[in-house]
Amino acid sequence: MSQLFSWKWFHRLGSPRWFYQTSGKWLPWLSMLATGLLLVGLCWGLAFAPQDAKQGNSFRIIYIHVPASFLALAGYYVMAIAGAIGLIWKMKLADMVMKSAAPIGAVLTFVALVTGAIWGKPTWGTYWVWDARITSMLVLLFLYLGVIALQYSYSSQDAASKASAVLSLVGMVNIPIIYKSVDWWYTLHQPATIKFTEAPSMHPDMFQPLLVMILGFYCFYAVALILNTRVEVLCRERRTRWVQELVASKCT
Amino acid sequence: MLTTEPNTDLFSPNSLDLRALAFERDDRMLFSNVGVSLKSGDILQVEGPNGCGKTTLLRIITTALSPSAGQLLWQGQNISQVRQTFLHNLLFLGHLPGLKQALSPEENLIWWRRLNQSQAECCNNEVLARIGLRGYEDVPCFNLSAGQQRRAALARLLVTKASLWVLDEPFTAIDKQGVSELESLLTEHSARGGIIILSTHQDLGIPGIERLSLRHESLGQKALDQNSPFVVDVA
Amino acid sequence: MLTTEPNTDLFSPNSLDLRALAFERDDRMLFSNVGVSLKSGDILQVEGPNGCGKTTLLRIITTALSPSAGQLLWQGQNISQVRQTFLHNLLFLGHLPGLKQALSPEENLIWWRRLNQSQAECCNNEVLARIGLRGYEDVPCFNLSAGQQRRAALARLLVTKASLWVLDEPFTAIDKQGVSELESLLTEHSARGGIIILSTHQDLGIPGIERLSLRHESLGQKALDQNSPFVVDVA
Amino acid sequence: MFQFENIQEFIQMGGHGPYVWSAYLISLSVMIWLVVSPLRRKRKLLRDINRQQQREIAQQGTNSSSNLST
Amino acid sequence: MELGFSAIFRRDLLLAFRHRAEIANPVIFFLIVVTLVPLGLTPEASRLAEIAPGILWVMALLASLLSVEGMFQSDYRDGTLEQMIILPQPLYLMVLAKILVHWLVTGLPLTLLAPVLGMMLSLPEAGYLPLVFSLLMGTAVLSLVGAIGAALTVALKKGGLLLSLIVMPLYMPALIFGASTVQRAVDGFSVDGPLAVLGALLAFSLLVSPFATAGALRVSMHG
Amino acid sequence: MELGFSAIFRRDLLLAFRHRAEIANPVIFFLIVVTLVPLGLTPEASRLAEIAPGILWVMALLASLLSVEGMFQSDYRDGTLEQMIILPQPLYLMVLAKILVHWLVTGLPLTLLAPVLGMMLSLPEAGYLPLVFSLLMGTAVLSLVGAIGAALTVALKKGGLLLSLIVMPLYMPALIFGASTVQRAVDGFSVDGPLAVLGALLAFSLLVSPFATAGALRVSMHG
Ligand code: HEM
Ligand SMILES: Nc1ncnc2c1ncn2[C@@H]1O[C@H](COP(=O)(O)OP(=O)(O)OP(=O)(O)O)[C@@H](O)[C@H]1O
Ligand SMILES: Nc1ncnc2c1ncn2[C@@H]1O[C@H](COP(=O)(O)OP(=O)(O)OP(=O)(O)O)[C@@H](O)[C@H]1O
Ligand SMILES: [Mg+2]
Ligand SMILES: [Mg+2]
């Protein structure tokens with residue numbers, strides 16, 4: 001095993017120090033990109049996109065709701081895969097990424113739920129319905145919360161990472177099952193509007209700002225993940241020389 | 001009680017090497033550069049002040065924890081390669097007795113023997129009598145005193161085929177007679193070619209015992225803040 | 001660590017009498033006719049083989065168990081009449097350390113002091129340093145070694161105002177230096193006019209210690225079948 | 001093209017204003033928290049490490065010459 | 001006299017705070033279990049609305065029941081209980097402090113969460129306020145009554161489910177009046193009656209429970 | 001290889017038998033909690049019949065969940081787990097034995113009791129057989145999945161409710177298909193579909209759970 005993965009790049013990738021320094025260079029550009037995309041998308045979606053024929057202006061919630069939903073799901077996979085890498089190759093950086101990804105994913109799931117619930121009131125007349133996608137989103141929130149709670153319950157950082165990696169992997173296997181089963185159980189939610197195989201059933205004027213927002217959310221997710229991971233790196237490597245030197249050079 | 005006709009089966013020659021073991025817990029170096037070579041017949045007493053890492057070291061030897069650095073060799077081979085054979089030859093008794101409170105000493109012993117693939121039913125009563133539990137064979141363990149529970153756990157030493165014993169403070173709660181009987185049991189095992197590693201704060205009356213001292217360099221704040229490792233010397 | 005300038009406050013004279021105590025558990029007589037008189041300055045070591053009833057006797061003295069027969073007198077009065085004053089004067093440390101695992105030694109100590117109505121905030125760090133836990137004041141107890149946990153519990157001895165100490169195997173898991181420091185702490189307490197009752201299997205280096213041996217008459221089946229009580233003699 | 005006649009209408013959003021604005025406000029504030037909280041944690045962490053370094057320097061100082069201000 | 005009370009109160013709050021993640025637990029259990037109901041039953045809002053008052057109360061009761069188990073358990077395991085019993089202070093006051101903390105970290109959050117879950121189960125408007133009030137008093141009764149059971153079973157291995165057996169029957173009055181408070185409100189009747197009964201239950205258990213619990217703890221420790 | 005399995009299996013059965021009173025516990029919990037429902041909801045037979053399939057399944061799930069917590073706990077506390085991990089035998093087989101015993105002493109009795117409770121909740125005739133079959137398979141899935149959560153939380157103080165948080169989401173598919181088996185039978189539809197899915201879930205968790213649990217146990221012990 002150790003021989004198989006002793007390539008230089010893998011070690012470098014796994015080095016928290018390398019990550020800290022490289023991400024430091026990328027971060028300003030990425031955050032500028034994220035801010036720009038989000039601002040453009042927000043203005044476009046809130047003020048310039050045409051209003052929906054049936055739903056009126058409440059439809060503008062989509063520009064938050066859908067990107068947040070996408071990233072909530074994608075974030076779970078990011079977390080689980082990072083966990084798997086940490087578990088299998090004992091890469092510390094991956095553990096840190098997993099730990100940082102959990103709260104971000106949970107928050108985005110929360111955003112998807114809240115915006116969806118708020119959107120439900122004018123559209124369906126109720127804040128909550130037990131539909132497949134909504135329910136599985138709620139389950140996703142529970143899965144996130146479980147991982148976070150597990151992280152904070154262990155006293156040893158190593159054990160915490162491994163335990164939450166195991167849980168997030170089991171959860172990852174379960175997400176499709178849960179989704180399928182809830183879907184089978186009841187469906188009331190809107191059919192998928194964006195399919196990668198067909199043209200979107202949305203008007204392009206509405207769809208383009210959505211695309212901008214989705215891109216913006218992806219960038220935002222990356223920024224948040226990097227920021228959190230950087231703190232985690234500093235925190236866990238606080239006793240190493242490079243962090244000590246970094247602090248010494250910064251504070252004097 | 002423990003003085004019985006000595007079992008004369010000899011173990012085939014064994015060797016266990018700790019090579020430059022180090023252990024770091026939450027970024028604090030607990031000990032480093034621990035190296036000892038043990039062969040058949042050796043008894044090693046791990047000593048040191050409270051919190052110096054004796055229990056940690058023993059758990060590393062049982063492979064329950066992995067060291068941060070260094071190697072463990074069994075018969076000259078890295079332990080990860082021969083883990084199964086190594087575990088077959090290992091008996092570990094930790095701080096916790098590993099007894100089911102609801103079961104009697106006899107049932108606990110039977111179960112343990114079954115797990116270790118020895119004939120489980122043979123002469124358990126004799127074994128328990130030798131360890132000082134005559135009359136308590138079928139009392140549930142939660143009705144035993146501290147020392148009796150410890151004895152019920154120690155009964156395993158009498159029925160094991162393992163050649164390497166790792167014992168963490170085995171004398172806890174044992175009365176004086178029990179201590180001397182346990183000592184002769186250890187001597188006997190070493191005479192048969194077994195290896196024993198034990199941690200204890202008491203001085204033992206066993207001749208020819210080796211000692212490994214894990215010493216705290218400074219008990220104060222320093223040890224926490226800086227990575228000052230514990231100093232190790234083998235007497 | 002424990003050697004500090006001796007606290008010179010003397011306790012007012014105390015006396016504790018055990019009169020013909022007996023204890024029967026599930027129709028089996030564990031011991032009977034245990035009688036000792038203790039007064040200020042006395043140290044009593046309860047001895048005996050495993051399972052002879054030391055822990056039971058100590059728990060009777062703390063009033064947590066009631067004896068089947070016999071009386072306990074504090075200052076010459078039956079304990080049931082003066083239970084409150086008696087408990088005010090009592091410090092008990094049992095097999096279990098009574099530590100909250102999630103709290104640090106310092107927090108545990110503060111809490112215990114609060115419950116015992118002493119000023120809780122004063123010099124806890126010094127106390128913990130003296131007991132050998134410098135640098136571990138704010139580590140949660142589940143991250144301490146066996147001996148460190150024991151020390152965290154023993155820290156109470158340094159801040160208590162109780163004159164009667166009842167200690168069940170206080171030396172468990174404590175290293176050699178700790179044992180000798182604990183011994184001097186006990187001597188000091190007795191010099192100040194306190195009373196100490198402790199059970200241990202080790203020989204103590206304290207001069208003038210009294211011994212109470214609970215002896216198992218027959219370790220075998222007999223003790224279970226017949227009601228043969230343990231024989232008691234006070235050296 | 002701006003879809004609303006004036007700012008007033010923009011805020012009311014044809015009666016759906018409270019829904020839309022609360023959804024956006026909640027989301028944005030939570031997302032801003034996501035970015036701000038690591039920044040704050042990092043500042044605190046750097047301060048802690050720095051303070052510890054100072055303490056160690058001071059300790060080394062007192063070890064050699066006993067009366068140094070910390 | 002009050003020292004025992006405040007010492008225990010402060011320590012237990014500190015412990016609860018130290019285990020922050022665990023404070024959230026009964027609340028999360030409540031949340032999850034209420035989520036399970038539509039999955040097992042029906043997702044239709046109108047049918048959910050019918051059963052919402054009962055389900056909410058039953059599940060709050062279960063959440064409280066589960067958390068009651070730990071009330072004395074860790075104290076027992078680490079020997080603290082042994083110490084508490086031989087302290088020269090009234091045990092019932094210390095017990096009361098523990099019960100109070102238990103309510104603060106479980107009953108109160110449950111009560112505050114209930115309206116949200118009511119919304120998810122499409123509870124009709126009129127039910128929210130009575131739900132909160134009945135739970136406020138009801139969970140306190142549950143904590144008090146549960147403490148007795150927890151004390152009786154603390155020394156038993158795996159007492160957890162035996163506890164439910166002991167405590168459930170004692171929970172029933174609180175459940176009946178609590179759930180009917182909400183149901184009556186939803187149906188448009190006055191809720192003064194059941195609320196008054198809940199108040200009476202609370203006063204009564206406040207009087208009895210600390211003493212009964214203290215006694216039960218002594219019995220457990222003598223085992 | 002098989003020795004570890006059979007040794008653990010026999011010992012755990014013996015232990016369960018020694019604690020006979022505790023085997024009864026999940027069953028009694030199930031019984032009591034199902035009794036609570038009419039108290040909190042409605043005593044009308046027709047309305048109870050409507051919710052019976054769902055309530056029975058939800059409550060069986062809760063009963064199983066609560067008992068899952070103890071699966072490794074006592075082994076952890078008394079040091080047996082430490083021993084099991086360093087035995088020269090595959091841990092997953094021992095784990096499987098423990099899970100099997102758990103199912104035998106909780107899932108199976110729950111299943112057998114369910115028809116009686118169904119009667120108490122006026123479950124329509126057609127529902128009984130599907131109820132039993134779905135619970136038979138479903139509770140096995142619950143034991144298997146629950147074991148993972150129990151292993152992850154065994155070393156944590158007060159893991160009990162954290163366990164529910166972790167395990168509940170994983171329970172949902174079993175609940176959905178289990179409850180809908182019964183519901184469909186009551187409504188007169190074929191139950192082959194959901195039963196087949198339950199079977200698939202069982203097979204899948206049988207494959208995954210012992211390994212995941214063994215891994216989780218190792219992690220817990222290293223903490
Ligand atoms: C709490 C309530 C809600 C939740 C949890 C929720 C969840 C989700 C999720 C997870 C997605 C992404 C699906 C995917 O990636 O395939 C999504 C998409 C979407 N949601 Fe919701 N939703 C909620 C309420 C609503 C409401 C009330 C509406 C509007 C009436 C709505 C309209 C949409 C639309 C139009 C999409 C895009 C569809 C697609 O691209 O597949 N949602 N929602
Ligand atoms: N909870 C209990 N229920 C019934 N019997 C018990 C219980 N605890 C201990 N015993 C029995 O009572 C006797 C005395 O036990 P005790 O704990 O007092 O012994 P001890 O002298 O402290 O022994 P040790 O030196 O091993 O600590 C023992 O024979 C034991 O079997
Ligand atoms: N679970 C844990 N997590 C983090 N640190 C721990 C843990 N257990 C022990 N430690 C720390 O590791 C150090 C070594 O502990 P260990 O138990 O190995 O000591 P020991 O030599 O066995 O001491 P003792 O003589 O008291 O048994 C101690 O300083 C302790 O604080
Ligand atoms: Mg140790
Ligand atoms: Mg004893």
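Because only heavy atoms are used, hydrogens play no part in the values below, and waters and symmetry mates are left out as well, while side chains stay in. In what follows, chains are A, B, ... by sequence order, proteins preceding strands, each numbered from 1.
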Requested in this report: Could you check which of Leu167(A), Ile177(A), Leu169(A) has the highest count of heavy-atom pairs closer than 4.5 Å to chain F?
Outcome: Leu167(A)

Query - Val34(F) and its side chain to side chain contact (heavy atoms under 4.5 Å, CB included) partner, picked from Leu121(F), Leu113(F), Val58(F) - result: Leu121(F)

Report task. Between chain A and each of Val145(F), Leu201(F), Ile166(F), count heavy-atom pairs under 4.5 Å; write down the option with the most. Result -> Ile166(F)

Query - Between Leu143(A), Val147(A), Leu150(A), the one whose heavy-atom pairs under 4.5 Å with chain F are most numerous - result: Leu150(A)

Query - Ring centres under 6.0 angstrom apart (Phe70(A), Phe217(A)) - result: no

Report summary line: In terms of heavy-atom contacts, Phe9(F) and Ala97(F) come closest through N-CB, 3.9 Å

Requested in this report: Go through the atoms of Ile148(F) and report whether side chain, backbone, both or neither lie under 4.5 Å from a heavy atom of chain A.
Outcome: side chain

**Report entry** Geometric class of the Tyr76(A)/Tyr144(A) ring pair [parallel <30°, tilted 30-60°, perpendicular >60°]
**Finding:** perpendicular

